Every structure is written in structure tokens, then in C-alpha cells.
Amino acid sequence: MNTPTLDSSEAVHSLDLGISGMTCASCVGRVERALRKVPGVQEASVNLATESARIAFATSVGADAAAVEALLRRAVRNAGYEPRAAGQDDVPEDLSPWAGFMPVGIGLLLSAPLVLPMVGDLFGQHWMLPAWVQFVLATPVQFILGARFYKAGWHAAKALSGNMDLLVALGTSAGWGLSMWLWLTAHEGHAPHLYFEASAVVVTLVLLGKWLEARAKRQTTAAIRALHALRPDVVHLLSKQGEVDVPVAEVLVGDRLVVRPGERFPVDGTVHEGHTQVDESMLTGEPLPVARDVGAALTGGSINGDGRIVMAVTAVGAETVLAQIIRLVEDAQAAKAPIQRLVDQVSAVFVPVVLVVALATLLGWLWMGVGVEAALIHAVAVMVIACPCALGLATPAAIMAGTGVAAKNGILIKDAQALELAHKVDVVAFDKTGTLTVGQPRLTAFEVVPGLDEAAVMAAVAAVQSGSEHPLARAVVAASGERQIRVATAQDVRAVPGRGTEGEVDGQSYLVGSLRWMQELGVALGPLSDRADALQRGGATVSAVAQRVTEGLALRAVMAFGDEPKPGAREALAALKARGIRTVMISGDNRGAAEAMARRLGLDPGAGEVMAEVLPGDKAAKVVALQQGSDGRHHHVAMVGDGVNDAPALAAADVGMAMGNGTDVAMHAAGIALMRGDPMLVAAALDISHRTVMKIRQNLFWAFAYNVAGIPLAALGYLSPVVAGAAMALSSVSVMANALLLKRWRM
């Protein structure tokens with residue numbers, strides 16, 4: 001969540017609050033307004049599906065943030081709702097399918113006899129219950145089971161706003177009150193038609209709808225619960241006394257833990273002793289186990305295979321990969337999509353408009369002379385069918401289901417805006433090294449200037465490159481190791497971003513970098529010029545080595561590197577093209593090497609699908625150019641990179657996708673993090689976005705359709721309060737059920 005720029009004397013705080021008692025989109029608006037009135041609050045976003053609020057507030061440096069948090073909780077309570085703590089450990093348990101059903105069951109038992117006369121009428125039978133029996137059955141439903149509607153409706157009325165509870169309370173009270181009036185004023189010996197069954201059945205149906213809705217909500221949070229369940233409660237700590245079982249909360253960085261076959265790794269670490277196969281499918285979506293030997297990284301939550309190992313702990317608590325994943329999914333599910341803000345604006349005026357329509361219905365029927373009884377029943381039907389429950393659930397329910405199923409498949413959607421925008425993407429730009437290629441280039445040629453000692457030059461280059469994490473640098477160091485060349489320690493090593501590295505070895509200064517950098521420095525390739533050109537035409541990435549001498553800089557060697565496309569990269573690009581999406585590869589390589597790799601990947605350099613010789617700092621400008629488009633139209637661009645040197649481009653894109661390796665998931669510049677380095681996940685992320693947005697639109701259509709069609713029908717007298725109540729309950733349940741269909745999505 002973006003926060004405004006603050007004065008240096010202010011500190012920003014973020015608070016997540018759970019909120020009980022919200023029932024519809026109007027409740028969301030009222031809670032947000034109450035929170036924003038608290039001094040210091042900059043932003044408040046309330047989510048009906050997660051029943052939570054995220055608040056950003058500022059305090060003066062040194063001020064007590066706890067006091068503001070207390071005010072926020074009080075504001076929620078004064079608005080008529082119950083605040084509760086919300087944190088990453090505050091996840092509802094997987095309750096029984098029948099949890100919370102008792103009030104609904106009691107309502108069904110008491111309402112069933114009231115409906116019997118309606119059933120009897122279908123068979124020509126007169127099963128009307130005595131008025132006092134109807135009263136005894138309906139009154140507990142109205143005032144005991146329905147007490148929640150009166151309480152919440154009263155708070156809404158005090159705040160001069162409306163919500164579902166107010167509509168239900170007013171509508172059912174009108175039906176119950178009308179029945180009492182008809183009963184008490186009836187002539188002796190005359191049995192009036194009463195409407196106790198309407199008020200009781202409507203209350204019961206609303207309770208049934210909310211119970212079904214709560215069941216569906218628990219299913220949408222299944223992904224979060226599954227992630228929490230990956231953390232074992234007890235670990236086997238290796239101490240001086242041997243193995244000791246201790247709570248996972250007591251584990252410290254540097255501890256040694258024993259993990260037996262079949263157990264989950266409790267925290268992040270590395271293999272200290274032993275070797276095994278690790279199942280990381282719940283974290284990365286990758287079904288095949290991966291081998292882990294001494295020194296290899298281990299991720300908490302993954303499953304140990306058939307080997308007993310000792311692990312060295314490197315991260316605990318909130319710093320573990322699993323905790324970061326949970327936080328990302330929770331953040332995405334708690335966020336409010338842009339389309340939801342429009343729904344909230346509509347909901348803010350919806351209930352008052354409905355009350356006006358209900359009053360107009362009452363007065364209209366009275367003016368037509370049908371009598372108070374019929375006019376009031378028609379007005380009650382309007383109030384009951386118009387409850388905006390489904391409106392408030394349409395968007396967050398789909399987002400929760402979509403982000404949950406994506407997380408299970410190794411796609412972490414960090415915010416709702418990225419999810420909503422991804423379906424519009426028509427251009428995908430890929431970084432080359434490590435994204436479309438394996439990212440482990442090999443040194444394929446090392447050509448020195450005639451007369452020089454090849455081993456000595458390679459030793460100097462390896463020394464300068466030994467401290468770099470760049471893939472080409474690692475390839476040089478690996479090649480020198482294979483040739484058993486002794487590497488000295490370099491001094492004063494300095495990296496030149498996008499160009500290369502400079503350092504001193506045995507008192508001599510060497511520069512190792514791209515041909516472009518050498519050209520900028522005025523280094524002539526001389527006798528190696530033809531060889532460098534030939535290597536480039538062959539598709540190799542070519543670098544050069546220069547040494548500082550008295551006359552300036554002198555060429556010492558050229559190096560060629562080869563990389564391989566990732567398995568499935570060509571198919572992934574083809575899948576995107578099949579969806580009508582333009583694909584572009586952005587590379588810092590020379591044009592010959594970039595175009596050679598592009599052809600291997602199925603890209604057409606002649607069609608503008610390759611951007612070569614692009615410095616890391618210029619990738620963002622290339623993304624902006626793709627957005628503007630050469631055809632005069634604006635394009636929605638997704639950038640796929642490794643999340644480090646591609647960070648500016650990831651941030652500049654409409655949707656940034658950072659491709660991780662299963663351990664680096666905290667990639668802040670991207671809206672979507674891909675847990676494993678599989679390019680097919682890009683098409684999968686766009687597909688889950690498309691399907692989620694489709695569900696949002698379907699849900700909003702049906703939510704509005706119920707009201708647009710139902711309110712006029714109720715006002716015209718075509719719907720009884722009972723049918724209206726059933727339709728209103730069905731609207732919420734259908735929205736949740738439609739969203740849950742996303743759980744069936746597969747890559």
C-alpha cells in the first residue's frame with residue numbers, strides 16, 4: 001500500500017485489525033469512514049470477505065502509537081462492530097462443516113410449521129395454525145435469533161447510514177408488527193391472514209445464507225491455512241545433551257536441528273550433515289523432489305525425503321521464506337482491487353435509496369387503494385430483496401480464491417491491483433539471462449593476444465572476477481578451477497554497473513567487461529578483432545580483458561560464453577503468442593548473441609522481438625517504449641526478470657513478474673513473484689488473472705442483476721417477502737460458490 005510522503009518528524013505505522021459483525025458492502029463503507037476520522041489515519045481499507053481492515057496512520061516521532069491503535073479499535077466498536085487482533089498467526093481453524101449451524105437449525109425447526117399452510121394450499125388442504133401458535137413460533141425467531149439484525153441495524157441508524165441488517169430488521173419487524181395488529185384487531189370468530197411466517201422465514205433464510213457464506217469463506221482461506229500447517233510445532237534441537245525436543249518458537253539462528261525422514265523442515269537453513277531428497281511442492285508447485293547435499297539451502301515447510309540430516313538454521317520467525325509467502329498471500333487477499341472502490345461508492349448510497357423506494361412502494365400501493373396490509377407487504381419485500389450482501393463479497397471472494405489457487409501453483413500475487421491488471425497484458429518483455437536461459441553460462445573460448453601466457457591471463461581474470469555474483473564471472477572462475485589454475489587475491493576491485501569489473505592483481509590493473517565498454521575506453525581489439533566477430537556471429541556472448549599499461553590500456557584477451565535455453569522456454573513463448581500476446585526479449589548481450597538465442601527460442605529478431613545491448617539502467621526506458629507502442633496505441637506490458645538488476649524495469653511495467661528460485665520470494669519491485677524459474681508460470685499467471693477478473697465481473701453482474709430485477713418485481717407486488725428473502729440469501733451464496741470454482745483451476 002502506498003502512503004503519502006511524510007514530514008521527517010512523523011513516523012508511519014501499519015495496523016491490521018480483524019472486524020466481526022460486518023454483513024454487507026454498506027458495513028465496509030461505514031467502518032472505513034469511522035477509521036478515517038481518527039486523527040493521523042492516512043488510509044483505511046476494509047475487506048468484507050476477510051473481515052479485516054488495514055490502516056496506515058502517522059504519529060509524531062516519540063508519540064505513543066499504541067494510543068492511536070486503541071482509538072482505532074474504539075472507532076470500530078463505536079461504529080457497531082467488534083475489533084479483534086489480526087496477525088499472521090491469527091488464522092481460523094478448519095472447523096467442522098456444521099460449525100455455527102445451531103441458530104439456523106433452531107430457526108428452521110420453528111419456521112417449518114409456519115410454512116405448512118402454504119404447502120397445504122398446494123394440495124387444497126387448509127392447515128392454518130391458530131394465531132397464538134404462529135405467534136409463539138415466530139416471536140423467538142424474530143427477537144432472539146434475529147437480535148443481531150436489531151443490534152447492527154441500530155448502530156447503522158445512529159450513524160445515519162444503512163446496511164443489510166437495518167433492511168432485514170425493518171422489513172421483518174414490519175411483517176411481524178402487521179401480523180400482531182391484524183390478530184389483535186380481528187373480529188371475534190374471524191381468522192385473519194397473518195404474516196408471521198414471512199418474518200420468521202426471512203430471518204431464518206438470511207441466517208442460513210450467512211452460514212453458507214461463512215462456510216464458503218473458510219474454503220477461500222484454505223490456502224493460508226495450508227501454508228500455516230506447513231510449520232511443525234516441535235523441532236529436534238541438537239545440543240550437548242543430544243537431541244532435545246523444543247518448541248519451534250525457541251529456535252535461534254545458528255542452531256543445529258535434526259530432521260528425520262518424512263518430517264518437514266521447521267525453519268530455513270542449510271544442510272550441515274548428510275544428504276537427502278526434498279519435496280518443495282507446497283512452496284514452489286514443483287512436484288519432483290530435488291537433491292540436497294552439504295551446504296545446500298533448505299526451505300522451512302518443505303518435506304525431508306529418505307535421509308536423516310542435520311541442518312544449520314539461517315532464518316527463523318518472520319524472516320523465513322514460508323513466513324514471507326504467507327505474508328504475501330495475506331497482503332494480496334486483504335488488499336482492495338481498484339474495481340472494488342467503485343462498488344463501495346455505489347454501496348454507500350444503495351441502502352438509503354432502497355429505503356426511499358420501499359417508502360414510495362408503500363405510498364404508491366396505498367394511493368391505489370389496496371389497503372395498508374398489502375401495501376406494507378410489498379414494501380417489506382422491497383427491503384428484503386435489496387440487501388447488498390453480494391455486492392460486498394463479489395470482488396474480495398474472487399480475489400481470495402484466485403490468489404489462493406495461484407499460491408498453490410507457485411505463483412505469489414502480491415497485490416490485488418497486479419491481479420486485476422494482468423488480464424489486460426498484451427506485451428510480455430523477458431530478461432534473457434536466468435529468465436529465458438538457464439543462467440549458467442560456460443566459458444567456451446579464451447583467446448589471448450599472441451605471445452602471452454594464457455594461464456597467467458586467466459588467473460588474473462579469475463582473481464578480478466572471484467568476488468562477483470555475475471553469471472559470466474562465475475563461469476570464468478569455474479573454468480580456471482577446472483584447469484587447476486592457481487588464483488591470487490585481487491585488490492581494489494570495483495564493479496562498473498552494466499559494463500564490467502576492474503581490479504589489481506600482483507600490482508597490475510586489469511579491466512574485464514563487455515566489448516562496448518572496451519570501445520568506450522578506446523581499447524582496440526587488434527589481432528583478436530576477427531576472432532571476436534566470428535564468436536559473436538556464432539551466438540556467443542563475448543567479453544574482453546584489458547590491462548593498464550604506461551601508454552594507456554592494452555588488450556590481453558577475448559572470452560566467449562555460451563548459455564542454454566531453459567527447458568520449456570520455447571513452449572512458454574509459443575503459449576503466450578497463442579494467446580495473442582507479443583513477446584520481447586531484452587538483453588545486455590551483443591546483438592549477434594542475443595539474436596542467435598532469440599532464434600533458438602522461437603523469437604523473430606526481424607519483427608522487433610529482440611532488444612539487444614541494453615544496459616540494466618536502460619531496461620525501464622525500453623519498457624516505457626513498449627507501453628507507448630510504435631502503432632500509436634497504449635499497451636499493457638508485463639516485465640519478467642530476476643528481481644535484482646531488473647528492479648527498475650519491473651517497477652516501470654504495468655505488471656512486474658519476478659522469477660525466483662524457490663528461496664528468493666521477497667522481491668519488492670514486482671507485483672507477482674514466480675516461485676520457481678519456469679517460464680510457463682508467466683502464461684499461467686496471466687491465465688489465473690484472466691479467470692479471476694472474469695469471476696469478479698460475473699459476480700458483480702449477478703449481484704447487481706438480483707437487485708435490478710428483484711426490486712421492481714417486489715415493488716410491483718410480484719414477489720412475497722419469503723421469496724424475496726430466499727433470493728437475497730441465494731445471491732450471496734451464489735457469489736461465493738462462483739468464486740470457489742476458481743479452486744478447480746489447473747496449469
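One-based numbering along the sequence shown. Everything numeric here is computed off the predicted structure, so don't read it as measured data.
Within the 4.5 Å cutoff, the side chain of Ile399 has no heavy atoms near those of the Asn47 side chain. At least one side-chain heavy atom of Phe561 sits under 4.5 Å from a side-chain heavy atom of Leu443. Within the 4.5 Å cutoff, the side chain of Val682 has heavy atoms near those of the Val428 side chain. Looking at heavy atoms from C-beta onward, Val640 lies in side-chain contact with Met659 at the 4.5 angstrom threshold. For the pair Leu535/Thr444, no side-chain contact is recorded, criterion being any heavy-atom separation below 4.5 Å from C-beta on.
The two residues Val610 and Ala594 make their nearest non-hydrogen contact at CG1-CB, 4.0 Å.
When atom types are taken as modelled, the side chain of Asp268 and the backbone of Gly300 share a donor-acceptor pair closer than 3.5 angstrom. Not a single donor-acceptor pair under 3.5 Å links the side chain of Gln42 to the backbone N or O of Ile55.
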### Task
Would you check, one step at a time, whether the test side-chain contact (heavy atoms from CB on, under 4.5 Å) holds for Gln698 with Lys695?
CA-CA 5 Å; Gln698 291 169 5; Lys695 290 299 180 189; 3.6 Å; yes
### Message
Assess the residue pair Asp426 and His636 against the criterion (side chain to side chain donor-acceptor pair (under 3.5 Å)); give the C-alpha distance rounded to whole Å, side-chain angles, the decisive distance to 0.1 Å, and a yes or no.
### Response
CA-CA 6 Å; Asp426 56 352; His636 292 86; 5.0 Å; no
### Step-by-step salt bridge (charged side-chain N to carboxylate O under 4.0 Å, His left out) determination, Glu595 to Arg600
CA-CA 9 Å; Glu595 291 184 353; Arg600 295 179 67 183; over 6 Å; no
### Task
Before giving the answer on salt bridge (charged side-chain N to carboxylate O under 4.0 Å, His left out), spell out for Lys619 and Asp431 the whole-Å C-alpha distance, their side-chain angles and the decisive distance to 0.1 Å.
CA-CA 9 Å; Lys619 288 184 180 180; Asp431 172 51; 2.8 Å; yes
### Query
Going through the distances and angles, do Met559 and Thr541 end up as a side-chain contact (heavy atoms from CB on, under 4.5 Å)?
CA-CA 8 Å; Met559 303 177 292; Thr541 300; over 6 Å; no
### Stepwise side-chain contact (heavy atoms from CB on, under 4.5 Å) check, Ile672 with Leu419
CA-CA 8 Å; Ile672 298 176; Leu419 181 68; over 6 Å; no
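With respect to Glu609, the salt bridge (Lys or Arg N to Asp or Glu O under 4.0 Å) criterion is satisfied by exactly one of Lys432, Lys577, Arg582, Arg599: Lys577.
Atom CD of Glu520 sits in a crowded spot, with more than 12 heavy atoms from other residues, nucleotides or ligands closer than 6.0 Å. Crowding of Arg442 atom CZ: a count of heavy atoms from other residues, nucleotides or ligands under 6.0 Å not exceeding 12. Counted within 6.0 Å of NE2 on His690, heavy atoms from surrounding residues, nucleotides or ligands total 12 or fewer; the atom is thus considered open.
Look at Glu43 and Arg36 and you find a salt bridge, because one of the NZ, NE, NH1 or NH2 atoms lies within 4.0 Å of a carboxylate O, short of that distance. Ion pairing between a basic and an acidic side chain is recognised when a charged N comes within 4.0 Å of a carboxylate O; Asp687 and Arg691 show such pairing.
In this structure, CG in Leu436 is found 5.5 Å from CG in Leu573, a value given to the nearest 0.5 Å.
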